[in-house]
Amino acid sequence: MQLEQYIKAELEKPEKDILLMTHIVLGYPSLEVNREVIQQMVDNGVELIEMQIPFSEPMADGPTIVQANQEALETGISVADCMAFGKEMCATHDISFLFMTYYNIIYKYGVENFFRKSKDYGITGFIIPDLPPEEGQEFLGLAKKYEISPILIYAPTSTDERMQTLDSYADGFMYCIARKGVTGQQTDFDTEFDHYIGRCRAATNLPLAVGFGISSREDITYLTGKADIGVIGTATINLVNNEGATAVGPFIKGLRG
Amino acid sequence: MQLEQYIKAELEKPEKDILLMTHIVLGYPSLEVNREVIQQMVDNGVELIEMQIPFSEPMADGPTIVQANQEALETGISVADCMAFGKEMCATHDISFLFMTYYNIIYKYGVENFFRKSKDYGITGFIIPDLPPEEGQEFLGLAKKYEISPILIYAPTSTDERMQTLDSYADGFMYCIARKGVTGQQTDFDTEFDHYIGRCRAATNLPLAVGFGISSREDITYLTGKADIGVIGTATINLVNNEGATAVGPFIKGLRG
Amino acid sequence: MATPGYYGKWGGAFIPEVLFETFKELNIAFAAAKADPSFWQEYLDLMSTYSCRPTPLTYAENISKHLGGAQIYIKREDLNHTGAHKANNVMGQGLLVKRMGKKRVIAETGAGQHGVATATMAAKFGFDCTIYMGEEDVMRQRPNVFWMEKLGATVIPVTSGTKTLKDAINEAFRDWVTDMEDTHYVMGTVCGPHPFPEMVAWFQSIVGTEAVEQISKFAGKLPKRVYACVGGGSNAIGIFQGFLDTPEVELVGVEAGGLGLDSGQHAARLSSKDSSPGVAQGYHTMFLQNDDGQMNDTYSVSAGLDYVGVSPILTDLWEQGKVRFEAATDSEVMAALDMTMKMEGIIPALESSHAFAQAYKEAGELSPDDAIIINMSGRGDKDIFTVAHAYDDPSWKEFIIKKGAEYAA
Amino acid sequence: MATPGYYGKWGGAFIPEVLFETFKELNIAFAAAKADPSFWQEYLDLMSTYSCRPTPLTYAENISKHLGGAQIYIKREDLNHTGAHKANNVMGQGLLVKRMGKKRVIAETGAGQHGVATATMAAKFGFDCTIYMGEEDVMRQRPNVFWMEKLGATVIPVTSGTKTLKDAINEAFRDWVTDMEDTHYVMGTVCGPHPFPEMVAWFQSIVGTEAVEQISKFAGKLPKRVYACVGGGSNAIGIFQGFLDTPEVELVGVEAGGLGLDSGQHAARLSSKDSSPGVAQGYHTMFLQNDDGQMNDTYSVSAGLDYVGVSPILTDLWEQGKVRFEAATDSEVMAALDMTMKMEGIIPALESSHAFAQAYKEAGELSPDDAIIINMSGRGDKDIFTVAHAYDDPSWKEFIIKKGAEYAA
Ligand SMILES: Cc1ncc(COP(=O)(O)O)c(C=O)c1O
Ligand SMILES: Cc1ncc(COP(=O)(O)O)c(C=O)c1O
């Protein structure tokens, strides 16, 4: 509930037609660079950041993020390091931070322990792409208990019925993946997409975040009015890889209005 | 009959306890060298020479003779060349010449034609190791007709019964192979051999030639009194290979008495 | 089973939301097929005309006598078309794909056997086919890659992660989430999200059904023990299903002991202390993972057993004490392979050789009145590069050097 | 047959005298076995438990439709243990050797299939085993050499003559004349001196017996034509025997056309004008030889068909007009192999692919109401070095270069 309220409050600010959520792979290339990149993001108005705790089997991710996960793990980063870093970010910046990871990380950590700590730090939501609600009953119960939003996912393949089912479990916002596939490939916005996002809107009262392949001012402009949050994932990873952390600020600034 | 008479006549000469038959692969290394080697053999008292017409599949021969066959064929020698050479040798030297070859050579040449020509030249016998009498009825008939001796083979594996059967078809002499196997390996003369040669002697009235692995004066001495002819095959081929044609004379001379 | 797709607390379907409908459709199609006796009949017909089913049960007389214990019988899955039990699963899924009207199949492969089997099935059924294979396995099993390509499949080497089976599975899922309408993912073993474990176990049950009948006929009784190697677990669950209701038959799953259970260089999930419960690749089982839940880099001489997870069905049977798990080391496996070749004229795959190794270790404990079955999951020809390498065979090396020089020229 | 061992004027036993008793003994043992129904039953039992008999008859639906002619059925000898019809002959001779009480077997091999089969049989029966193989074939079929050695056989590369099958046969005879008491020569095809043609044909008749029954069941009638490749002729005579009494079934033997019948680079005895009657390797048949009776250097992409002679039984059937002989060229064979892999998921041996090639050429002439059978004598995995080479496959080459460099280092 807190997350949804935060989003709605932000959206009410006159200059904000759409919010931005960015994505970070913790430990890639290092926590220092993560820290710098997040600073740039926050300074340039990003409202939400999903921090991915790397996993050795990132099944739903595309090549860029897969490699980022792998290289982060090769640096020796641990889940504990990631938690501590999340705590630090929540304490440092006055925006909304979410953890994104695969279920095994939480499962091995101890699901309730993971919720308890995250709550303590000020984390607002979890995005777990391999945990459908059918498998996540314990998780969803703890999400309620600890008031951390379980972010569920709408896909173009989701039926209206399925969307309604998901809505009954979701909280915070709905993560609408813009197309089939994994992260990191360009999305074509077309009437089919419009139809899909219309279905999403009809199925839930939660704010809609749109992710997968969002990388430019044009994309954000297109989404404005249709969605509530644009999610920038692979685009900033590529940017940091190619131009360094300092390129992130201007990029983010340029995305909106 | 002619061949047997020749052999018996030679054996009656006072200095001859045992005769020598040598072996030549025609065209190996060349007919010129064959000519020279035969001259040396004749000059040094050899009584019989078996001239092998090379065949691409010398199934019953050992490595040395196999290679000699192959290299002879590689020089391009033909069956006609071999026949002409045989004719020349018969005309030149006053000893007994036989053709040794595999059946296919004769078969392709035309069996009767082969007999007719060989008879004309003065060839006294044929040794065809892959033609048992059961398969050689036509051949044996022609041998009678053309009075060329079909030399048949006794082996240590031949039963007494088989020896008698062979005797009923054979003529000239009986070729007793000294041991199992192919040409070219040393034979150990022992009581088992003595027993075998005794069986041979009992089975036929024809003179006995012993071949396979005969290579030294000791061998010939051992055979003297047991057999009528010692057959020198691979030994002279090796000698020519290693020391040249001129070594053959002294070698042959040294074999007897 | 409380919840469908669960075996005790193991299993489940931890799938990305984008595949929800695909799985729903698959579950419905599979349930319909399972309920339709004509489907199973079609499957049996296909397997007896396109493959060589029933596969024989061979009495290993020489080795039985040599070891002086139980009478050893070998279930000959190597005589299947494409050379392994993988064909059973793949041809079954092929019939299901046809029923669903899909036109493209994808698959992961470790040893390459499942890839070859899938490429074969795709050729037979006229499907497009893409095979994902860890780059390291591409190196280990190049001949299989060659044949997959010649069978018309596209083979994509997977360079992420440890570049082995688990990464190929991830990559296949990435394909599937991109292209699911027309595509079926032919999971190669009895793992992954529901309904795969159930489906693969069902198709592989043909092995156990035949084996029970055959051993009863030949030995006149049930076997004392049944041995099967365990990668994902499909050949094991296949034969074990014939004996689950007869507790007097001890079932033994043999995992890859690699360089030894203490070396950390192995792929023993249920027979070592190095695994713990986890959720990955769409299902809940015992994984070889570190304390953070990151999967370990496993090791085995045999690509097909070199996997971090294991069938949830087997994990449940293990937990219930219905299947005993053991590990055979690389060197035990090579010795068993050698003995099987020299004494019986049979060349088991390196994977299968694990089952042989364990059976040979134990046969002497049993009486000559007892029978045991070894499930020979596949044939070893495919492993020539690995086996020749392991033997350090000089003339093979010389041959390869010569061929290499010829091609390099 | 007038004289035993003769088929028309073909056949015979042109053997060195030293083997007379050995052949006598063999003839007696073989005649006794043939007259003893329990021997054939023992053979059937062995083949159905150690190998996978009956082998299936597979309907090639896709290619049948594609060619739009006859319905094509494939007799799957590739699914035999060791991967080819050679197993039928070898296991049968193994039983005979056991009966004769001999302890050692020798064999020639061309493609290596017969060598692997013999080494396998020797391992199974506990015989010593020596295999003679032309040096050129050793090069072409290295993987088979590796497996023969691992099965416990000694492989002797033959460097005489053309270094191929015929020279291996000569060498095997040289061994046999040296050591016959304890040794049996397992002739690999339906050639050589009597009783080998009769014996091999008898063991291989299992193929035809099964095929008649299967085609009657599946197609509901006899086939219009039956195609088999012909090296020595054993797989061909094996399947043809099922149809010799039904003249409405046309039998087609397919020889190696190599680079074309006009090129001189082939191994077509009965389908070319390049052969003539001769006597070699112990029997009378049509040989590829020159006017002097020296055997020619034959050529084929497939080692197993690269032979100068041909079964006297087939020569007789050819002379009587009971079997039609054709030749398929290397390039036709590669195309047929490619099509069979891609459209049916089946990998025939290069030898067998000759039969496929000819059948594909002719299938369109027939009506969809007709059935034809192709005898798939073996599987193509063994040919990977030859096939990959023929495809000029770049990633295979790269792999070999890399492996070679690794070993050379
Ligand atoms: C021959 C063979 N046996 C066993 C396995 C292991 O798989 P599973 O445990 O699913 O039978 C494989 C896997 O590739 C294989 O190829
Ligand atoms: C697979 C296969 N087919 C055919 C042949 C040819 O032999 P045959 O004509 O005796 O069947 C061989 C010989 O090695 C072979 O390996």
Side-chain angles (χ1 to χ4, degrees), chain B residues 53-63 65-67 69-70 72-74 76-82 101-109 128-137 152-159 161-163 165-166 174-177 179-185 212, chain D residues 3-6 11-25 158-163 165-183 192-194 276-285 287-297 308-309:
Chain B
I53 304 176
F55 180 43
S56 56
E57 319 301 313
M59 182 207 262
D61 282 297
I65 295 184
V66 167
Q67 200 179 337
N69 272 262
Q70 200 170 319
L73 289 174
E74 280 163 12
I77 194 165
S78 68
V79 175
D81 295 338
C82 294
T101 193
Y102 290 83
Y103 186 56
N104 200 48
I105 297 296
I106 306 183
Y107 180 80
K108 275 294 277 188
Y109 194 85
I128 314 293
D130 64 346
L131 190 70
E134 288 75 10
E135 297 291 355
Q137 293 306 312
L152 298 189
I153 292 165
Y154 280 0
T157 55
S158 306
T159 60
E161 188 194 343
R162 178 66 180 167
M163 284 184 179
T165 306
L166 293 169
M174 198 61 75
Y175 195 126
C176 309
I177 62 175
R179 52 161 173 73
K180 295 174 278 181
V182 290
T183 54
Q185 294 144 33
F212 279 36
Chain D
T3 328
Y6 271 87
F14 296 79
I15 51 166
E17 192 56 41
V18 67
L19 290 177
F20 181 84
E21 290 301 322
T22 307
F23 270 82
K24 201 164 126 187
E25 194 191 327
V158 176
T159 56
S160 59
T162 55
K163 306 180 170 104
L165 183 56
K166 73 176 180 60
D167 310 287
I169 293 179
N170 291 333
E171 207 59 35
F173 271 112
R174 290 184 191 115
D175 180 314
W176 211 15
V177 299
T178 309
D179 185 1
M180 69 291 286
E181 265 101 22
D182 227 30
T183 297
H194 179 71
S276 60
V279 173
Q281 313 219 290
Y283 69 112
H284 181 219
T285 197
F287 284 100
L288 287 166
Q289 57 182 336
N290 70 15
D291 290 344
D292 266 5
Q294 311 297 354
M295 297 298 144
N296 289 341
D297 195 353
V308 290

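All chains are named by letter (A, B, ...) in the order of the sequence lines, taking the proteins before the strands, and each is independently numbered beginning at 1.
Using a 4.5 Å cut-off between heavy atoms, D:D175 does not touch chain B at all. The part of B:E134 that comes within reach of chain D is its side chain, from C-beta onward, which places non-hydrogen atoms under 4.5 angstrom from that chain. Proximity to chain D (any heavy atom under 4.5 Å) is restricted, for B:L73, to the side chain, taken from C-beta onward. For a residue to count as touching a neighbouring chain, one of its non-hydrogen atoms must lie under 4.5 Å from one of that chain's; by this rule B:P63 does not touch chain D. For B:N69, no part lies near chain D; criterion is any non-hydrogen pair under 4.5 Å. Contacts between B:L152 and chain D at a heavy-atom distance below 4.5 Å are absent for every atom of the residue. Heavy atoms closer than 4.5 Å to chain B are found nowhere in D:A172, neither backbone nor side chain. With a 4.5 angstrom heavy-atom cutoff, B:V66 touches chain D only via side-chain atoms. In this structure, chain B has a heavy atom under 4.5 Å from the side chain of D:E21, while its backbone stays farther away. With a 4.5 angstrom heavy-atom cutoff, B:Y102 does not touch chain D via any of its atoms. Contacts of D:F14 with chain B are made by both backbone and side-chain atoms, with heavy-atom separations under 4.5 Å. Neither the backbone nor the side chain of D:P193 comes within less than 4.5 Å of any heavy atom in chain B. The contact between D:Q281 and chain B is made by backbone and side chain atoms together, counting heavy-atom distances below 4.5 Å.
Note: B:T159 leads B:T159, B:I177, B:I128 in heavy-atom pairs under 4.5 Å with chain D. Ranked by heavy-atom pairs under 4.5 Å with chain D, the list B:P133, B:P58, B:A80 is led by B:P58. Ranking B:P156, B:S158, B:S78, B:A60 against chain D, the residue ahead of the rest is B:S78, based on heavy-atom pairs under 4.5 Å.
Separation of atoms CG (B:D81) and CD1 (B:I77) is listed at 5.0 Å; rounding is to 0.5 Å. A distance of 11.0 Å separates NZ in B:K108 from CZ in B:F55, rounded to the nearest 0.5 Å.
Formation of a donor-acceptor pair under 3.5 Å by the D:T285 side chain with backbone atoms of D:G309 is not found in this model. Panel note: side chain D:D297, backbone D:T162; no donor-acceptor pair is recorded below 3.5 Å.
No more than 12 heavy-atom neighbours from other residues, nucleotides or ligands sit within 6.0 angstrom of CG on D:D291. In this structure, B:E161 places its CD atom where only 12 or fewer heavy-atom neighbours from other residues, nucleotides or ligands lie under 6.0 Å away.
The closest side-chain donor-acceptor pair between B:T157 and B:K180, if any, does not fall under 3.5 angstrom. No hydrogens or angles considered: nothing links the side chains of D:D167 and D:S160 as a donor-acceptor pair under 3.5 Å. In this structure, a donor-acceptor pair under 3.5 Å is absent between the side chains of B:N104 and B:E57.
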Exercise. Show your reasoning for whether side-chain contact (heavy atoms from CB on, under 4.5 Å) applies to D:H284 and B:Y107.
Key: CA-CA 10 Å; D:H284 181 219; B:Y107 180 80; 2.5 Å; yes
